[in-house]
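Here's the structure we're looking at; comments come further down.
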There are 4 protein chains.
Amino acid sequence: MNTFGENIKLTVFGQSHAACIGAVIDGLPAGTPIDMEYIDNIMKLRAPGQSRLATKRKEPDKVEFISGVVDRKTVGASVCAVIYNSDTHSSDYSNLLNKPRPSHADYPAMIRYGKNYDLRGGGQFSGRLTAPLCIAGAIALYLLEKKGIFIASHVLSVGKISDVPFSPTDDECELLKNLSQMSFAVIDSEVKEKMSEEILEASKRLDSVGGVIECKVIGLPAGVGEPMFGGMENAISKIIFGIPAVKGIEFGAGFEGSKMYGSQYNDSYYYDNDGKIRTYTNNTGGICGGMTTGMPLIFRAAVKPTPSIASVQKTVDLSKNENTEIQINGRHDPCIAVRACTVVRAAAAFAVLDMLCAQNDINNILK
Amino acid sequence: MNTFGENIKLTVFGQSHAACIGAVIDGLPAGTPIDMEYIDNIMKLRAPGQSRLATKRKEPDKVEFISGVVDRKTVGASVCAVIYNSDTHSSDYSNLLNKPRPSHADYPAMIRYGKNYDLRGGGQFSGRLTAPLCIAGAIALYLLEKKGIFIASHVLSVGKISDVPFSPTDDECELLKNLSQMSFAVIDSEVKEKMSEEILEASKRLDSVGGVIECKVIGLPAGVGEPMFGGMENAISKIIFGIPAVKGIEFGAGFEGSKMYGSQYNDSYYYDNDGKIRTYTNNTGGICGGMTTGMPLIFRAAVKPTPSIASVQKTVDLSKNENTEIQINGRHDPCIAVRACTVVRAAAAFAVLDMLCAQNDINNILK
Amino acid sequence: MNTFGENIKLTVFGQSHAACIGAVIDGLPAGTPIDMEYIDNIMKLRAPGQSRLATKRKEPDKVEFISGVVDRKTVGASVCAVIYNSDTHSSDYSNLLNKPRPSHADYPAMIRYGKNYDLRGGGQFSGRLTAPLCIAGAIALYLLEKKGIFIASHVLSVGKISDVPFSPTDDECELLKNLSQMSFAVIDSEVKEKMSEEILEASKRLDSVGGVIECKVIGLPAGVGEPMFGGMENAISKIIFGIPAVKGIEFGAGFEGSKMYGSQYNDSYYYDNDGKIRTYTNNTGGICGGMTTGMPLIFRAAVKPTPSIASVQKTVDLSKNENTEIQINGRHDPCIAVRACTVVRAAAAFAVLDMLCAQNDINNILK
Amino acid sequence: MNTFGENIKLTVFGQSHAACIGAVIDGLPAGTPIDMEYIDNIMKLRAPGQSRLATKRKEPDKVEFISGVVDRKTVGASVCAVIYNSDTHSSDYSNLLNKPRPSHADYPAMIRYGKNYDLRGGGQFSGRLTAPLCIAGAIALYLLEKKGIFIASHVLSVGKISDVPFSPTDDECELLKNLSQMSFAVIDSEVKEKMSEEILEASKRLDSVGGVIECKVIGLPAGVGEPMFGGMENAISKIIFGIPAVKGIEFGAGFEGSKMYGSQYNDSYYYDNDGKIRTYTNNTGGICGGMTTGMPLIFRAAVKPTPSIASVQKTVDLSKNENTEIQINGRHDPCIAVRACTVVRAAAAFAVLDMLCAQNDINNILK
């Protein structure tokens, strides 16, 4: 349910308007460095209230490790990190009781949980729950970087405006490092301007807009991943669909690849000058049979437009059994894709770390 | 790894050229009907050798239940079903030793498993492993139909040729029933002709072609699904990426939805004449917050072109550390999407059944 | 690792000297009552500092629900409860660095976790971690009582002094209710006096003493439990061995039963006057084939003497590679069995609740 | 349910009178040797029909690997091994319909599974299901021996007749090797004679008798095991209670230890002449805090008398709602402990191997 991972287990807890949101991470090796500055930086990139493009709520998202960490290192016990909620305006939600917001979790949650559902701020289905996911992801990103594995993401599109895609075959080290420091990560700065305008326009019209996030992992060795349901695509998609608003995922050429012929699609192997095996193209996105090929791992996630829009919308009143309208107050991002970009990066890192651990036991038990 | 499911657990075993492929299903309630005719029909729809569009290998894919079933009903023990492999031409693969086929699992598997990897027929990464998945799926489909839940799929596109998509809001009962009996399921029969030609053309050119499969589930109640990593999208994507060649998945409007504004995308609720709550549009594909809305659940899976093509391809010789070429013999489908269509349907059914079980315990423990 | 449960998942976190200890419980149905008074009462029964027989540390063990609970009911999100640590004397442990305490987790933990191990207070291996287990258990006890299932335990022996055992066949409702309110639960009050003397004597000699806890569950329907590794004995033993100091468990006649003949041991069925099926004897402890028989479920747990004793003990100095001696300061229970009695009861309740949930989905999916 | 293991997953399937019983083992590293002779030897030690002390059914228990193994090595795919059932006398069970055998799984299984329960031979609760457990255990035993870890067990007692216990502190290598070749493993050959007589006497009286099995693991490094619910005792007890008829387990001094004072019980560390850290005593059975100490790991399992006895027994007739009597035909072991001795050894091996794998990933990820 709220747990992800086969080897390192992440359990997320909290609701938007609970005292806390947080994460328990079980299985991190003792001695894992917990670099607070690094984590705070990731949290800051995800945090709301940073620009005119995002919600005006100001949440410092201050991470506290309440167990499992001593002197900035894990001790082998399960790690618990929390963020105390603040700046919550519960009154904003009083008018939504029994009136589910379109394309929100409200209606199914009301059916699923009945009157016990804590709908304030979206309850456990709130985008706020991605903050604990980012804590776990930040720990993973830091560990992976130490092993030479680097992950970055950018906003590939906002509505119909598209950024330059990642190169499927080159590592693009510098680019990835730059992107990983941006709160609105886009490769082409002119496109970024246009995207910003598009978002502001939508916001002015009391509307929102969707987008696509592209994520790239470099430095992975070949052969990471397990058969059938245990492959890279299975693991990454399972964690990425844990981010509210994600409605699609594709690896490498993805849906475009389905329009190709095998002779175009197939990624032929060759020995590069440095003796490394590479492929001329990378339509598989660095994954074959669920396992890494050693080429960059690339995937894209489709993010729907923020369902909370300020204009009047049709809905039903469950208490009166009749059709009605609502207007959603509260402070919401006009384009979630911007902030979700960091979450996708962090979530991917956690999935990759978990996979690498599976690999290790397999390789070592027979020695 | 080879196991899927939280409440009903499916473990798949076998390799393309092992004595058997099969599945163990643990957690099926005692008394679950095992309708052999129904199962054989699903297996036949998936089976190779049925038309000029598919591989000429003839495998009867005869399912035998070797445990857990007495008098066509489960007894509460774990169910084991096997298909004995036959008609395998292991010699076809001798020339591939150390020469990984492009876009196949070969190269990462050689790295992952070393010289122990059984590459004949693709080993455990073979499409043949989808046959056990279909056994489990067929049991689920039968059970779900009894509960009024129906699932069907069709080949939405082959290369650049597209079929009519499912209606997002109507149930289309009749259409779904018709599609579920077709070995090459397409809504528009003229499109089917064109797709067939496209596949034969590719085949003649010693090439292959990709496609997209669309799947629809009707009859689901609202509120099925768990939070965060336990949602419908997480579960369905985890099982669907267990099908080799799937490289992307999207729910509802998916990637197209990311280009929309919230005011266009949001699915507004209304009370229908029959008193049921419906939505005017269904861009979320019947899933909000990981839970069903009661509207048709719709997703699409992108299938890459068959990587095994008969034309000469570049690759490396791992034993000689040099670049080389290969030509793949053997009998392969020029378009996997056609047969994978049944697998997607079956896999979705198993994921849906597993989810419904989670629901039941939750609802009943407090009574 | 730190997670227990198939249907309702409990994850425990914290170390003895971390900021917090706590538990995340995932899968509790929305609307589960969280009765703080009931929980606090269980915590009080387990808490140290209550009598001259227990450690003098005073820990209020104040439970705070930081997520998943609104208005004393669960909302369907994962529940996180914490207890902030206080009254910790970290300096007490400085002399133990590199000198593992005999029969403590120290030595293997030093090997397992290296210098990162937080040995203060026993780190994650401390008996304090049973407090979160009690929170989860208290929630389960409350729920089970509502369903007519009652659990109690008593200290069956301290050293060589033995209490009256539970009746294997009678429910003993009143007795169970009385025992569940005692912080030192013994059936025969004269025996309790003798046990108290034995414990005080040991304490005066700077020594400790072991004991056995007997636990009884009444009101369970027949047929609860899963095959093979999913049986009642498997689940209960798995959670009970999560209590530090437990070194043995037996169900029904247990080890004594292994000395019997089948004709003595077998529990013959009969219809009782009220039409219920009962057994004349109950040597199986209410469990056959891993499933409940509807008779009282009875098990006993062997608790070793507290390893922390104040007298001088031999050990090694890992930093100097030489033999040495230590004297353990700090405040410790001379007989853990007394306080562990509540923990055994609570842990058993959680295992039973988890099992009952498995049952529900099985029974309902085919309806 | 029928699955055990965190890192290497064993799923057992089959019923006593199904076509097959078998096991799927997922997660074995590619290249794991599958030594058929070694496995067959273990199966033979467990097999019935070997002596006048055991049931007269003759089952060759011929193991066939139907997937995952090529040229006597695993290939990385999940391994499936089956034993085809033969020599089943289903008619023997016709008189038991609706009349549950005392202390058998029958009654709870009839409640749990209803009329679908396959009671022939005990269905999925039959002791025959320990044969697949032995296949998995045999693979583990072989692997562990290669790593210098050796496991053996003996029948410590039959009824009131007791064998010499293992030395808690010495390795006793030779003794362990000898015991591991015996189908009726007892240390003192005179005791073995007495035990044999006791069993034959019981058998003549149409009765059965219980026993205790002692198991010892040597060669384990210190520090193997996980915290809380992931410790050695948790894992071993979970798998050992998967053996029907086991009703108790204790580690080291176990229940006797609960009668001791801490000053007697505590195992003091010292540097031995070879520089290795050992303990003077080993009352903890080589496990502290759930982790190994490097000393021999010792546990005992209590086995109840075979519930199937040939004398007349009281029971109920569920179809008529009345008390009745039954006489059990069929061929049964008068003392299960004799054959269960091999099963305990094999099961322990699988649990130990699974634990060692957990260890490996933890140690390697940070390198």
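Chain identifiers are assigned alphabetically (A, B, ...) following the order of the sequence lines, protein sequences preceding nucleic acid strands; residue numbering begins at 1 within each chain. Every value quoted in this text rests on a predicted model; they were computed, and no experiment measured them.
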In this structure, CG of B/Asn323 is separated from CG of A/Asp272 (nearest 0.5 Å) by 9.5 Å
Step-by-step side-chain contact (heavy atoms from CB on, under 4.5 Å) determination, B/Phe241 to A/Ile249
CA-CA 11 Å; B/Phe241 280 116; A/Ile249 191 165; 3.9 Å; yes
With a 4.5 Å cut-off on heavy-atom pairs, point out which of [options] contacts chain A the most.
| options | result |
| --- | --- |
| B/Phe125, B/Phe251, B/Phe4, B/Tyr271 | B/Tyr271 |
| B/Val316, B/Val209, B/Ile161, B/Asn266 | B/Asn266 |
| B/Gly248, B/Pro305, B/Pro244 | B/Pro305 |
| B/Ile277, B/Thr293, B/Leu133, B/Val246 | B/Ile277 |
| B/Asp207, B/Thr284, B/Val212 | B/Asp207 |
| B/Ala302, B/Ala253, B/Ala337, B/Gly230 | B/Ala302 |

Check the pair B/Ser263, A/Ile309 against side-chain contact (heavy atoms from CB on, under 4.5 Å), reporting the backbone distance first and the verdict last.
CA-CA 7 Å; B/Ser263 55; A/Ile309 54 176; 4.2 Å; yes
[options]: which one forms the most heavy-atom pairs within less than 4.5 Å of chain B?
| options | result |
| --- | --- |
| A/Val303, A/Asn2, A/Thr130 | A/Asn2 |
| A/Met110, A/Lys304, A/Lys160, A/Glu6 | A/Lys304 |
| A/Asn234, A/Ile240, A/Thr279 | A/Asn234 |

Chain B heavy atoms under 4.5 Å from [X]: which part of the residue, side chain, backbone, both or neither?
| X | answer |
| --- | --- |
| A/Thr281 | neither |
| A/Ala301 | backbone |
| A/Glu198 | side chain |

Practice task
Decide whether a cation-pi geometry holds between B/Lys314 and A/Tyr280; the criteria are a distance under 6.0 Å from NZ or CZ to the six-membered ring centre and an angle within 45° of the ring axis.
Solution key: yes
*Passes side-chain contact (heavy atoms from CB on, under 4.5 Å), A/Val12 versus B/Phe229? Steps please.*
CA-CA 9 Å; A/Val12 171; B/Phe229 311 116; 4.1 Å; yes
So the side-chain hydrogen bond (donor to acceptor under 3.5 Å, both in side chains) pairs with at least one residue in residues 244-259 of chain A (sequence neighbours excluded) are A/Lys247-B/Glu233, A/Glu250-A/Arg300, A/Glu256-A/Lys259
Show me the side-chain donor-acceptor pairs of residues 285-292 of chain A shorter than 3.5 Å, one per line, residues at least two apart or across chains.
unit_1: A/Thr292; atom_1: OG1; unit_2: A/Pro221; atom_2: O; d: 2.7
unit_1: A/Thr292; atom_1: OG1; unit_2: A/Gly223; atom_2: N; d: 3.2
unit_1: A/Thr292; atom_1: OG1; unit_2: A/Val224; atom_2: N; d: 2.8

Using the rule given for side-chain contact (heavy atoms from CB on, under 4.5 Å), can you reason through A/Tyr261 versus B/Arg205, listing the C-alpha separation, both sets of side-chain angles and the distance that settles it, and then say yes or no? CA-CA 10 Å; A/Tyr261 294 111; B/Arg205 290 196 316 270; 3.2 Å; yes
